[in-house]
Structures are given as structure tokens and as C-alpha cells.
Amino acid sequence: MHKTVIDIENAVVSYREDIALRGVSLKVTAGEFVGIVGPNGAGKTTLLTIVNGLGRLLSGQVAVLGHHIKPGNGHSLRKKVGYVPQVEQIDPRMPVNVREVVMIGRYGLLGWLRRPGKHDWAVVDKALELVDMAQLARRPIGHLSGGEQQRVSIARCLAQEPEIFLLDEPTASLDWKAQSEILELVKRIHDLRHLTTLFVTHDLKCLPITCDRVVLMKDGLIWDDGSPKELLTDEALSRLYEMPVSAVARRRRETILV
Amino acid sequence: MDLSIFGYQFMQNALLSAFLGGIACATIGVFVVLKHMPFIGVGMSHAAFAGALLGLWLGFNPLIGAFGLSLLAAAIIGPLADRGQLNPETSIGVIYSLMLGLAFLFMGLMPGTKSGALELLWGSILTNTRGDIILLAVVTVVVVGVVFTFYKEIQATIFNRDMALSVGIPATVILYGILFLTGATITATLRSIGGLLIFSLILNPAAAAYQLTYSLKRMFLLAAVFGVLSGWVGLLLSYLFDIPSGATIVITSSAVFLLALVFSPKKKVKSWPEKPVVDEQHH
């Protein structure tokens, strides 16, 4: 039986007057690929931030890889948790190249005062090869396209050698080809490295078809949790997005949802 | 041209001050430029000026007042901007005007001659004492030493603080550590360059280096070279034309920036070698 690697109990998180999570409980076992779906403002990103210890819990308990998260004690946990954010605008003149950005993934593992050695650079180069970016290793990071930047983010996570892989809308604002390539890459890496993956998206087209489990979120709560087949139905989505079933069915047909 | 002036002790002190101050300011400037936070530095340098005047007025060491008030400004502006509670431009506007108001208030309340206060306003590198140089040397060694020792943490924080946090680097500690060093650097160079001008010596050499390289290590080196160069050329111009040295140093650093901007390779499209790096030397 697989062990539980993420155990969230009744988590409440708020940002000033807005409550982002209203008592969320979730267990994820090792090796699962969980898609977290919901409309904007559902609390999906906040859920990821409490898994890597960056979110501030108002109440509730979070244990990740056996580590009970408390305010300020997340640094050592984050070394084992890879995080891929949305594509961000990077200053094209930023004096950091692709290879150096991927190396940042190892900095937490290295700890204070230790500099990257030959082994670390070898890990970085392997990660770049895996995401098919070795040929752009020396390019300034700000010169890459959105899809290339996401490949670099994924390579950075790989260089970190994490046990948990968190992806926050990694395909948002990418074109269709780049989206499909990133989705394929994420799944391949999940399998290859035997990771536990949480994949957040508000866009059903971007949910990897191979995810084992789907968690539907809305208004800071987990709305439903189950297999993609059970949950990604016209009826469930109509409740989640507050649209008539017929409208959801029509849109899914017309836009080839999932 | 008679350069015998450079044989005098006061001029050698000034050259040494320009060398040390140029390195410290330019190194701090690299953070300021890459973190897009010139607003914090401007607020801190004006706060340091006000703090020094407070010291002069109340009769304690002006440098203690400068350091204290510049850190106070950073402690107010930093978290406000950090938490997104206030637009940085708004918070700096409030702090900047408050500090200038306080500075002129302290100057007005100060009895007797105001020459000490005016020196803090536009600097007096030619009157630097041995004590000033020792303070500058200590701050410069600490600033350069911190960059050297914590290079990878600083690089990650500069590139993307959220990313640095997400891989387990205490990026917030690094950021506030940098603000602390900014306060120390401003305080140590306040008497040489002056409260109104000092921020140019922090910003301009680093902004010039930023135009010229895609390597962070090279940017630190170039910024330091430009900082020292601005100080020395500024001193020479000050002597040749008999004009205030703080002004010539700052104007020289602005000219260096403009030249770097004109000759910046970053304006041109460059083709990068599309091949993997093999057996490259690192660090």
C-alpha cells in the first residue's frame, strides 16, 4: 500500500479579509498524479502554497513527507518539493543564463556556504537534456519564449531532485503546441522520476489526460474528489461553473474539452 | 597639468575614499538595479541625511543618526512594498518628503553655523579623515565579503524571490540583509558624497554595467570598476575646474551610464550559440 505523502486537515488560509481556503482536507498518496481544477479564485494556488510551506495557515494541520508544517519551518521541506509557477515576464536584459537558472534548483540542497561542484553541474545538464533545452543552455533566460521558459522551470525542479512536483497553471498563456508539449513532458517526468504530482489548472483543456485523480475546487473548498471519468462529466462541471448542463455539453463539444 | 596635488595626504585620502566608496556603492547598486528597487535606496539615502542632521542638532555622532534613520526608512518601506499594501511609489513619496522635511527642520533648529549640515548635503570628500576611511574600508570589505560568501543565495533572490523561496532559500532574510548593507553603505559614504547625491553613485555604475553584460559576476565587477572610475575622474575634474567634488563624481557616473547605454550590445539582436556547454569552467 502506498504511503500518504500529503495530509491536509481542515486547512484555513486567509489573505487579509479574503478567505482563500475554508477548511480544506486532502490526502495524497505517493506516486499519484492529481489534477486540481476550478474557476479563478477557487483557492487552487493557495492549496499548493500550503503544501510547500509558503502559505500561512490560520488553522488546521498540514503534514508533507512526514514534516508537520508550522510558520517559518518550511525551508527544509521546500528542498524536496519542486514548484513550477505560471509563465512570468522576465526582463530580457537579466544577467542570468538558462543553465544558471536550472542550477538555482540545487541551491537549497547545497545549503549555505557550499558552491556547486561538478556533480551539480552534471545534474543540471542532464535535466536540460531531459527537457530538450541543452542547446539553449547558455542563452540569457529573458530571451526565451514562454514554452521554453516553462521547460527551464521544469528542468530546475528536476535538478532539485524533488519527491513532490507542484505545477501552478504551467501552460497558462502558452500556445497550443507549447501547451501540449509541456503536458507530455510533465507526465513523462512524473513517471520517470516516480514523483507525486499536483497539477493546478482552471482550464480543462490543459488537464493532462493521464492524471489519476481530479480534485474540483470552488470558493476555497474542495467540491469533489475522484477519478477523471467520474468527475469530468457535464453534470459535475455545470455545478462547478454554475452553468446549465446543456451549455457545458455544447461548449465541451465545440471546444473539444478534455 | 600640475598633478602634484595628488601627493598631498588629503587628496590621497580622497582617492582612497573614492575607491572604497565606489566599490561599496556600485556593489549595492547591482541589487538595486536588478531588484528594481531604486525607490527604497532614494528613501534610505534621504533618511540617512535627516538622521545625520538629527545627530548634529542633538550633539551625538551623525553617522549613528544616519544609520538608524536609513534602517528605519527601509523597515517602513520594505514591508509595505513587500506585502503589496502600498504602491512602492506612494510609500517612497511619503517617506522621501517626510525625510527631507525632517532634514530641513533639524537644520533650522540647529544653533550656530550650518556648514557641517551643508557638507552632509553635498559631501566633502576632500576633508575625509582616517576614521572616515577606516569606516568605509570596513563597510566595503563586509559588502564584498557578503556577496562573495552568499553569491548563490543572492543570485537566486535577485533573479526571482518567490523561486528562491520555493527551493528552500531564505530569500526574505537575504533581501532584508541587503537592505541593511544598503543602510551601512549609505552611512559610510554620506560624508564623502552627500545625502542628496549619494544615490546616483549607487545607481549609475550598476545601471551602466547592466547595459553591457549578461553575466551577473561580470556585472558586479564592471559596476565596481565604473564606481571607482567615477570617483577618480570626478575628483580630477573637481580639482581641474575648482568645483564641488560630490557634484563632479555624480555627473561623471551619469556620463558613464550614458556611454554604456549608447554602446550597449543589449540593444542589438545577438545570435547565441545553440550548443550544449561542455566542460565549462564554473565559479
Side-chain angles (χ1 to χ4, degrees), chain A residues 16 49 52-54 72 74-85 88 90-101 103-118 120-121 125 128-129 133-143 153 156-157 159-160 162 166, chain B residues 30 33-36 83-85 148-174 206-207 209-220 222-223 264-267 269-283:
Chain A
R16 285 173 239 146
T49 63
N52 74 359
L54 283 174
H75 288 310
S76 56
L77 169 70
R78 282 196 283 281
K79 294 169 190 175
K80 300 177 196 167
V81 180
Y83 183 76
V84 177
E88 288 175 358
I90 300 177
D91 181 350
R93 290 169 299 174
M94 175 61 77
V96 181
N97 72 28
V98 166
R99 205 160 174 250
E100 290 169 328
V101 171
M103 180 54 85
I104 290 174
R106 296 197 65 74
Y107 283 175
L109 291 173
L110 281 166
W112 295 100
L113 305 179
R114 276 186 60 206
R115 304 208 164 197
K118 268 189 178 173
D120 301 296
W121 286 108
D125 290 337
L128 280 168
E129 272 171 36
M133 286 291 291
Q135 73 283 6
L136 300 180
R138 298 168 83 164
R139 190 172 284 200
I141 185 72
H143 288 203
S153 280
R156 175 177 50 76
C157 285
Q160 199 178 335
L166 306 178
Chain B
V30 172
V33 168
L34 292 177
K35 289 305 292 172
H36 304 288
R83 290 197 293 264
Q85 286 176 345
F148 191 77
T149 310
F150 300 109
Y151 179 78
K152 69 180 198 303
E153 288 80 8
I154 287 169
Q155 182 200 38
T157 306
I158 281 176
F159 175 61
N160 186 323
R161 190 161 142 229
D162 290 338
M163 182 203 287
L165 280 170
S166 79
V167 299
I169 292 171
T172 306
V173 174
I174 297 284
Y210 185 44
Q211 305 303 321
L212 300 177
T213 180
Y214 283 109
S215 154
L216 184 59
K217 283 179 188 164
R218 233 172 278 152
M219 185 172 164
F220 273 115
L222 277 176
S264 170
K266 295 189 178 184
K267 289 192 301 188
V269 177
K270 186 167 179 180
S271 62
W272 290 88
E274 295 211 351
K275 59 182 180 193
V277 185
V278 183
D279 295 333
E280 196 177 284
Q281 239 358 76
H282 314 284
H283 296 269

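Atoms considered below: every heavy atom in the structure, side chains included; atoms not considered: hydrogens, waters and symmetry mates. In the text below, chain A, chain B and the rest are named by the order of the sequence lines, each starting its count at 1.
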Chain A contacts, top residue of B/Leu34, B/Thr213, B/Ile158, B/Asp162 (heavy-atom pairs, under 4.5 Å):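 Looking at each option in turn, the highest pair count goes to B/Leu34.
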Heavy-atom pairs under 4.5 Å with chain A, option from B/Met219, B/Met163, B/His36 with the top count: B/Met163
Using non-hydrogen atoms and a 4.5 Å limit, figure out which bit of [X] sits close to chain B: side chain, backbone, both or neither.
X	value
A/Pro162	neither
A/Leu54	side chain
A/Leu77	neither
A/Ile90	side chain
A/Glu129	neither

Heavy-atom proximity to chain A below 4.5 Å, by part of [X]:
X	value
B/Phe150	side chain
B/Ser215	backbone
B/Phe148	both

Spell out, as yes or no, whether a donor-acceptor pair under 3.5 Å connects the side chain of [X] to the backbone of [Y].
X	Y	result
B/Lys152	A/Gly111	yes
A/Arg156	B/Val167	no
A/Arg78	B/Leu165	yes
A/Gln160	A/Val81	yes

Leading residue by heavy atom contact count with chain B [cutoff under 4.5 Å; candidates A/Lys79, A/Lys80, A/Met103]: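 Heavy-atom pair counts peak at A/Lys79.
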Atom of A/Asp125, atom of A/Arg99 and distance for their closest heavy-atom approach: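 Between these two residues, the closest heavy atoms are OD1-NE, 2.7 Å.
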Exercise: identify the closest heavy-atom pair between B/Val33 and B/Ala207: CG2-N, 3.7 Å
B/Tyr210 and B/Val30, any side-chain heavy atoms less than 4.5 Å apart: no
B/Gln155-A/Tyr107 side chain donor-acceptor pair, cut-off 3.5 Å: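 Yes, because at least one side-chain N or O of B/Gln155 sits under 3.5 Å from a partner of the opposite role on A/Tyr107.
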